[in-house]
There are 2 protein chains.
Amino acid sequence: MEEVNKVAKHNNEQEALNHYDSNDYITPDGYTSDIAVFTIISKKNNEKTKEPDNKELKIMLIRRASYDSEGEPNIEANKWALPGGFTDGMKRETAMQAAERELEEETGIKGIFLKHFGVYDAFGRDKRGWIISNAHYAIVPEQKLIKRKAADDADDVRLFTIGEALHLELAFDHWKIISDAVRLIERDLIETTIAKNFLPEAFTLSELQRVLLTVSDNPRITSKSVFFAKVPKLPFVEKVYDREGNLKKTERNSFRPSQLYTFNDVDIVKSIWE
Amino acid sequence: MEEVNKVAKHNNEQEALNHYDSNDYITPDGYTSDIAVFTIISKKNNEKTKEPDNKELKIMLIRRASYDSEGEPNIEANKWALPGGFTDGMKRETAMQAAERELEEETGIKGIFLKHFGVYDAFGRDKRGWIISNAHYAIVPEQKLIKRKAADDADDVRLFTIGEALHLELAFDHWKIISDAVRLIERDLIETTIAKNFLPEAFTLSELQRVLLTVSDNPRITSKSVFFAKVPKLPFVEKVYDREGNLKKTERNSFRPSQLYTFNDVDIVKSIWE
DNA sequence: CGAATAGTGTCTTTGAGACACTATTTG
DNA sequence: CAAATAGTGTCTCAAAGACACTATTCG
């Protein structure tokens with residue numbers, strides 16, 4: 001009985017498949033990924049004193065070439081845009097894989113945190129047709145960026161503050177994608193532990209504090225004593241020890257060695273009903 | 001000078017557009033929307049006492065027909081599946097609009113809360129080809145469901161508890177989509193005010209409590225005195241008044257009238273760093 | 001010792017949580 | 001008054017926030 005059903009089912013399945021033809025429908029003209037790449041970089045605020053640098057949230061944009069790789073005029077040429085491009089159907093890519101590949105091809109960055117945050121599929125968003133874009137945001141820690149410092153000054157890939165970026169002439173609906181991304185990353189820095197992606201594996205409390213200060217002026221974060229007292233007690237951060245079991249410290253920010261911390265994998269759910 | 005640039009640009013743009021042909025690339029074979037429809041329904045736990053009904057989170061699934069609308073064998077026939085279907089390129093729909101339309105066509109429900117939560121685009125997820133699905137979850141308040149009560153007992157649309165649903169033979173990758181949706185809605189009920197979509201515009205504290213109890217056993221929610229003391233002080237709920245400015249109450253749950261509350265639009269961000 | 005960053009102690013006030021008590025209505 | 005849900009008062013203990021104080025290193 002079961003066997004018979006299975007066979008019958010298989011036949012129907014085969015028939016159904018044979019009957020399906022995607023040419024019966026209008027299908028999308030393209031499936032792309034865009035990536036809003038964020039980093040936090042030091043902002044020298046006073047050359048004379050030894051006051052620690054403040055940090056600032058920046059976004060990486062590329063300038064679209066006048067001509068494409070085949071020498072033909074490019075659409076939305078010369079405008080600033082998010083890195084990204086078409087998902088390659090030949091490679092059987094997912095949108096996330098396309099995002100990783102495009103990011104490396106266009107900016108030389110790989111192995112960083114990527115998060116999908118939205119789909120942009122309104123008709124008319126791209127003059128070439130029905131083109132669906134998956135939007136992601138990415139986080140580059142400052143140290144990784146230093147490796148490609150020279151390239152940052154290039155004419156075609158540049159870091160902008162959020163305010164600058166939203167005043168540029170941007171391609172497609174990238175103004176909307178960028179503002180959505182900014183709203184989201186600011187919220188995620190407060191509500192989740194994504195801050196870890198801006199930091200080295202082992203970080204000091206003041207380094208963490210400076211990251212959070214780029215998006216919040218809440219007294220729990222701005223006040224040194226409150227922040228320094230609270231963070232070591234949070235369930236998702238822990239002190240770093242060396243091989244001998246001693247507390248690991250660093251002097252990179254001060255004369256006095258400071259304790260290194262790291263994020264563990266504790267996931268917390270913050271109830272709004274408490 | 002500016003004028004000249006504009007003209008030049010326009011020409012290039014036109015050339016670029018003429019050069020673009022989506023047939024140069026492999027494009028997706030379909031762009032669909034799936035909807036995980038949740039509701040919370042009363043569960044009679046004791047017919048003898050007047051103990052208030054407990055509530056339970058349920059999901060609505062449809063059974064895929066053996067034959068499609070043209071009388072041809074259907075793919076994944078007879079399996080249970082999320083309602084959903086193809087985005088209609090002719091109608092220039094977005095995935096969200098397709099979700100709303102399909103939901104009404106397949107289950108008769110409209111005008112409810114819908115939230116996009118993910119994209120499923122792995123190759124092989126649908127045997128018909130490269131088919132991308134946008135997943136949404138939807139919330140139906142119990143009252144809306146009563147209107148189509150008869151239909152619930154139908155053979156093709158049914159409510160299941162989460163446990164039941166995940167043990168059915170499900171079509172495509174719907175097992176994964178459903179478990180992602182469940183994880184998300186449970187989290188959102190705790191971290192956001194989506195609970196309001198399960199409730200009437202004006203609700204009592206005990207009604208709200210019963211909704212939250214379907215996903216949490218946290219003492220702040222289970223303990224009556226704690227919950228009743230805290231919720232009226234939360235910034236995003238407020239008491240309901242009638243036209244004369246008197247407190248509005250209801251007797252639908254008890255002999256003693258109870259105060260009605262409503263959600264306002266205050267959006268709160270719960271910091272994990274506090 | 002002065003400068004610079006790191007980190008602690010202490011005091012006051014606020015709020016969380018437990019639990020028993022009071023309130024309002026019907027039959 | 002019994003039953004049923006709604007809602008409050010009070011007590012204890014823990015944690016939040018402010019701010020002044022101590023610690024470590026360099027030159």
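Nothing here was measured: the structure is a model prediction, and the numbers come from that model. In what follows, chains carry the letters A, B, and so on, assigned in the order in which the sequence lines appear, proteins first and then strands, with residues in each chain numbered from 1.
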Please state whether the phosphate of D:dC19, meaning OP1 or OP2, lies under 4.0 angstrom from any side-chain nitrogen or oxygen of A:Ser223.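 For D:dC19, neither OP1 nor OP2 has a side-chain N or O of A:Ser223 closer than 4.0 Å.
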Check each of B:Val266, B:Asn264, B:Asp267 against B:Pro235 using the side-chain contact (heavy atoms from CB on, under 4.5 Å) test, and report the only one that passes. B:Val266
For the residue pair B:His116 and B:His136, does the interplanar ring angle fall in the parallel (under 30°), tilted (30 to 60°) or perpendicular (over 60°) class? perpendicular
Quick one: sort the A:Phe38 and A:Tyr137 rings into parallel, tilted or perpendicular, breaks at 30° and 60°. perpendicular
When the nearest nucleotide of DNA chain C is assigned to A:Leu260 and to B:Arg220 on a heavy-atom basis, which residue is associated with the more 5' position?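 The answer here is A:Leu260.
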Residue [X], side-chain heavy atoms: nucleotide from [options] that is nearest:
X        : options              : answer
B:Ser254 : C:dG7, D:dG17, D:dT5 : D:dT5
A:Arg256 : C:dA18, D:dA6, C:dA6 : C:dA6
B:Leu205 : C:dG17, D:dA3, D:dG7 : D:dG7

If you take any heavy atom closer than 4.0 Å to DNA chain D, which residues from residues 224-249 of chain B end up in contact? B:Lys224, B:Ser225, B:Phe228
Find which nucleotide of DNA chain D each of B:Glu274 and B:Gln259 is nearest to by heavy atoms, and output the residue with the more 5' nucleotide. B:Gln259
Which whole-number value in Å describes the distance from B:Glu251 CD to C:dT24 C1'?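 Taking CD of B:Glu251 and C1' of C:dT24, I get 9 Å after rounding.
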In whole angstrom, what separates B:Arg252's CZ from C:dT26's P? 17 Å
Would you confirm whether A:Glu56, through its side chain, and A:Thr214, through its main-chain N or O, come within 3.5 Å as a donor-acceptor pair?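 Such a contact is absent between A:Glu56 side chain and A:Thr214 backbone.
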Checking A:Trp175 side chain against A:Leu166 main chain: does a donor-acceptor pair fall under 3.5 Å? yes
